[in-house]
Amino acid sequence: MTYTSLHWGAYRPLVENGRLVEMRPVPWDRDPSPIGASLPGAIDSPSRIRRPAVRRGFLERPGGSGEGRGREPFVEVDWDTALDLVAAELRRVRGEYGNRAIFGGSYGWSSAGRFHHAQSQLHRFLNGFGGYVSSRDSYSLGAGRVLLPHIAGDMDWLLARHTSWDNLAEHCQLFVAFGGLPLKNAQVSPGGASDHLLREAIDRLSRAGVRFVNLSPLRSDLQGAADCEWWPLRPGSDTALMLALAYVLVDEGLHDQAFLARYTVGFEPFRDYLLGVVDGQPKDPEWAAARTDIPAPRIVELARRMAAGRTMINVAYALQRAVHGEQPFWMTLVLACLLGQIGLPGGGFGLGYGAMNNTGSGRKPFSGPRLEQGTNPVRDFIPVARIADMLLRPGAPFDYDGRRHRYPDIRLVYWAGGNAFHHHQDLNRFLHAWRRPQTIVVHEQYWTAQAKHADIVLPATTALERDDIGSASSDRFMLAMKRAIEPVGEARDDYRIFLDLAGRLGFADRFGEGRDTLDWLRHSYEGSRQRAREQGIELPDFEVFWAEGCFEVPRPAQQTILLEEFRDDPEAHPLGTPSGRLEIHSERIAGFGYADCPGHPVWFEPPPPSHPLHLISNQPKTRLHSQYDHGAYSRASKIHGREPLTLHPRDAAARGIADGDIVRVFNERGALLAGAILSEDIRPGVVQLATGAWYDPVDPAEHNSLEKHGNPNVLTHDVGASSLSQGCTAHSAQVEVERWSGEAPPVTAFEPPRFRRGL
């Protein structure tokens, strides 16, 4: 049996005459993702990169001006020519500027396979070459990942131990979801989602009588619950609402003082802020009503309900992708501390139930084989969302997690896996930054905007064109991913590309260790046995696993309850925080002296909006980030070939917009075209445009050219969440929308670039 594991599911590829014709979901998956339907037809479409290609201006003058990126035609070359050119550029940049001038860009989502994980392959290669400037954190969780170790513990450690859905179905009474529980987001998990859980979990909790409160501008952020209230609060006001709920708990004596005394530190300074002792302004429901548009009596009633029964408080990742994004995560923890239910069955807090499939699975946090990446001798790094700042401001200082750093001077960018033209904000600014390095090398499967804006493009294989092992933390199955089709065109896997480059650069033996792909799979599988045993998992022999095609990871004997051991004995099981306790007030963060992130959660008044509509650029339903936007499932969702924009009928009527119209969405950073969808299930004053439409400007040579496909990152704001995290702030953007009149420019996002023959 041939399986493949993708970030959005496990499938059995159906191949006829050497061509992929269908992706059949595995029989055990109860709610398979339809994204798999996009692979047939897309995998060998005209968008596929079939041969190595070099930007013509770069071929004429390697390391010269980057102004031609995205504008000039490409010249297809043979592999030896391309690899010789890459090796020469790596040697030149290292010789002239050192390894601190090389940025190893990758975002890790390119493959669910453990060996052909592009980020790991790239980092192993660059470490062998002497090191590189790295990035930290993620666009999804930039603020949360930096904050949580100070106040609760490592983010990955917490996510792997979230209270299981089974336990919630038995013990939870009220599920309060800030940002909802979006089914579309739970299609995916890094490394694979072999058995989709969220739809059935919501159904089980509903049948058990759990009541839900969906606190989101979008009704669709929580679907399928029998008893669900939708509170369409104002975007960015979650912290104000949480503070008011906390005020009611403290003011009415509903908070658990014994829990606060034993398991937390720092309640007193926070209490003084909450009650208005510090600034004269109590954070009471009347104060919050003016900021959230939720009536004060409803806030009081919800606080009392939360204190009256077993309550789970969950916060979506999206809330911390904003200016001051640390605050809603911190307040979620504080609110749960006040209720005193952390570590108890069915209660406490969640950081991203519904954000990914595996959160709350209750399965063991075992993630299967790993590729050793080696040690990076270069200490320079950037927070991942600050790449444009790095390229535009070499040598400039930046704050991060209590220390002052400086941006390195990058001359060569090497990117394998990921697409910065999807993840990064303010793409017009980013384009200016992207032209600064002397050389940009990209491994890609398809002609995305990032590939079109590179100097050297090396065609990479997809997961179906190579052997690998699929495995994800807290997932149900480990899968043998056997090659289903031959590589399209001249595509090569990242390992072979890097091995050939390492040979040219003199460290092939160290990089490849004399192993081919199957040798590496066997080696890494065997190397994971000890970690498996530590989790009570006994892996079969590799040959048995490879022959059978899948291995089901056994469930733990006990249900998972987040921080249960800590609650049972905080002295024997302290947290990884400075105090070993949950930190309502953090002396460490307070000591950093950051005005935009003080020592306990606070409310920052937002500046006056620059435009009348708040833009939510959330995760798409029809693809993972930008992957397979050119596939059938994603393209079927488009309106006139453009990404759909949802707006309330009241906002549409005020602008003369009808359902299905093409609209222009704009602000001070740029403008795009999208297709209008009118819905009562979005809060008035808010518009929603999913991320991931391939960037497609009308004129790549024109600054601030109209983007005609619907990529929201021409509109989003490229500033850090705070001095603490420097996280992504995509959800802090306002826009205006108008009906497009006249003929709309054709969408060309999925067309290959222009080619020229030779020089």
Side-chain angles (χ1 to χ4, degrees), residues 3-7 10 104 106-128 131-132 134-138 145 154-157 159-161 188-194 356 358 361 363-376 416-418 443 460 463 466-482 493-499 502 510-543 545-546 550-553:
Y3 297 105
T4 196
S5 180
L6 305 171
H7 293 297
S106 175
Y107 202 56
W109 279 103
S110 77
S111 172
R114 305 301 299 181
F115 176 64
H116 292 293
H117 182 241
Q119 184 184 70
S120 299
Q121 291 283 348
L122 174 64
H123 293 173
R124 179 180 174 86
F125 169 77
L126 291 177
N127 284 337
Y132 64 101
S134 61
S135 61
R136 293 187 183 177
D137 311 320
S138 70
R145 282 195 179 280
D154 176 76
M155 187 78 191
D156 289 331
W157 185 87
L159 289 175
R161 290 158 180 81
V188 307
S189 279
S194 64
M356 294 189 296
N358 296 348
S361 70
R363 292 189 174 272
K364 299 177 180 181
F366 172 67
S367 57
R370 299 171 181 170
L371 176 66
E372 300 94 337
Q373 297 182 21
T375 301
N376 186 358
H443 294 197
R466 58 203 183 203
D467 294 330
D468 213 330
I469 295 174
S471 180
S473 178
S474 305
D475 199 29
R476 181 178 175 186
F477 285 94
M478 181 188 296
L479 298 177
M481 301 167 58
K482 298 178 183 177
D493 62 64
D494 297 302
Y495 174 63
R496 182 182 172 188
I497 296 171
F498 286 129
L499 185 61
R510 184 156 31 100
F511 177 80
E513 299 183 15
R515 299 187 180 101
D516 62 17
T517 293
L518 196 60
D519 292 333
W520 270 111
L521 296 182
R522 185 179 292 105
H523 170 77
S524 60
Y525 180 92
E526 293 299 328
S528 70
R529 281 182 174 276
Q530 181 56 40
R531 288 187 296 104
R533 291 191 187 102
E534 292 169 2
Q535 298 286 338
I537 301 167
E538 193 61 42
L539 296 178
D541 290 340
F542 175 78
E543 304 303 334
F545 163 72
W546 195 249
C550 67
F551 170 73
E552 184 169 4
V553 179

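Index from 1, following the sequence. Please read these numbers as outputs of a predicted model, since none were measured by experiment.
Arg114 places none of its side-chain heavy atoms less than 4.5 Å from the side chain of Ser120. Put simply, the side chain of Asp468 reaches to within 4.5 Å of the side chain of Leu521, judged on heavy atoms. Residues Leu371 and Tyr495 are not in side-chain contact: their nearest non-hydrogen atoms beyond the backbone lie 4.5 Å or more apart. The shortest side-chain heavy-atom distance between Tyr132 and Leu122 does not fall under the 4.5 Å cut-off. You'll find the side chain of Phe542 reaches within 4.5 Å of the side chain of Leu518, heavy atoms only. At a threshold of 4.5 Å between non-hydrogen side-chain atoms, the residues Arg529 and Asp541 count as touching. Taking 4.5 Å as the limit, some side-chain heavy atom of Ser528 sits within range of a side-chain heavy atom of Phe366. By the 4.5 Å heavy-atom criterion applied to side chains, His523 and Phe115 are not counted as neighbours.
Between Arg161 and Pro365, the closest heavy-atom pair is NH2-CG, 4.4 Å. Smallest separation of non-hydrogen atoms from Asp519 and Gly514: OD2-O, 4.4 Å. Residue Ala10 comes nearest to Leu479 through the heavy atom pair CB-CD1, 3.5 Å, listed as atom of the first residue, atom of the second, then distance. The two residues Gly131 and Asn376 make their nearest non-hydrogen contact at CA-OD1, 3.2 Å. Of all the heavy atoms in Ala416 and Phe498, the pair that sits closest is CB-CZ, 4.3 Å. Of all heavy-atom pairs spanning Ala160 and Ser473, the tightest one is CB-OG, 4.5 Å.
Note that the OH atom of Tyr3 and the NZ atom of Lys482 stand 10.0 Å from one another [nearest 0.5 Å]. Atom CZ of Arg515 and atom CZ of Arg522 lie 10.5 Å apart (nearest 0.5 Å). For the atom pair CD1 of Ile469 and OG of Ser5, the computed distance is 11.0 Å after rounding to the nearest 0.5 Å. Between Phe125 atom CZ and Arg510 atom CZ the span is 10.5 Å, to the nearest 0.5 Å.
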Can you give me every donor-acceptor pair (side chain of residues 531-538, partner residue at least two apart or in another chain, under 3.5 Å) with its distance?
{"unit_1": "Arg531", "atom_1": "NH2", "unit_2": "Gly368", "atom_2": "O", "d": "2.4"}

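Of the possible donor and acceptor atoms, none in the side chain of Asp494 sits under 3.5 Å from a partner among the backbone N and O of Ala118. Ser189 places a side-chain N or O within 3.5 Å of a backbone atom of Asn358 that can act as its donor or acceptor partner. With Arg476 contributing its side chain and Ser194 its backbone, the two residues share no donor-acceptor pair below 3.5 Å.
Listed by chain and residue number, Glu552 satisfy the salt bridge (charged side-chain N to carboxylate O under 4.0 Å, His left out) test with Arg363 (two or more places apart in sequence, or in another chain). Residues satisfying the ring-ring contact (aromatic ring centres under 6.0 Å, His included) criterion with His116, sequence neighbours excluded, are absent altogether.
The pair Asp516-Arg496 does not meet the salt-bridge criterion, since no charged nitrogen lies less than 4.0 angstrom from a carboxylate oxygen.
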Test Leu539 against Met478 for side chain to side chain contact (heavy atoms under 4.5 Å, CB included), laying out the working first.
CA-CA 10 Å; Leu539 296 178; Met478 181 188 296; 4.2 Å; yes
What verdict does the side-chain hydrogen bond (donor to acceptor under 3.5 Å, both in side chains) test give for Ser111 and Arg466, after you've listed the backbone C-alpha separation in whole Å, the side-chain angles of each residue and the deciding distance to 0.1 Å?
CA-CA 11 Å; Ser111 172; Arg466 58 203 183 203; 3.3 Å; yes
Using the rule given for salt bridge (Lys or Arg N to Asp or Glu O under 4.0 Å), can you reason through Glu513 versus Arg124, listing the C-alpha separation, both sets of side-chain angles and the distance that settles it, and then say yes or no?
CA-CA 12 Å; Glu513 299 183 15; Arg124 179 180 174 86; 3.0 Å; yes
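In this pair, Tyr525 and Phe545 present their aromatic rings parallel. The plane angle is below 30°, not in the 30 to 60° band.
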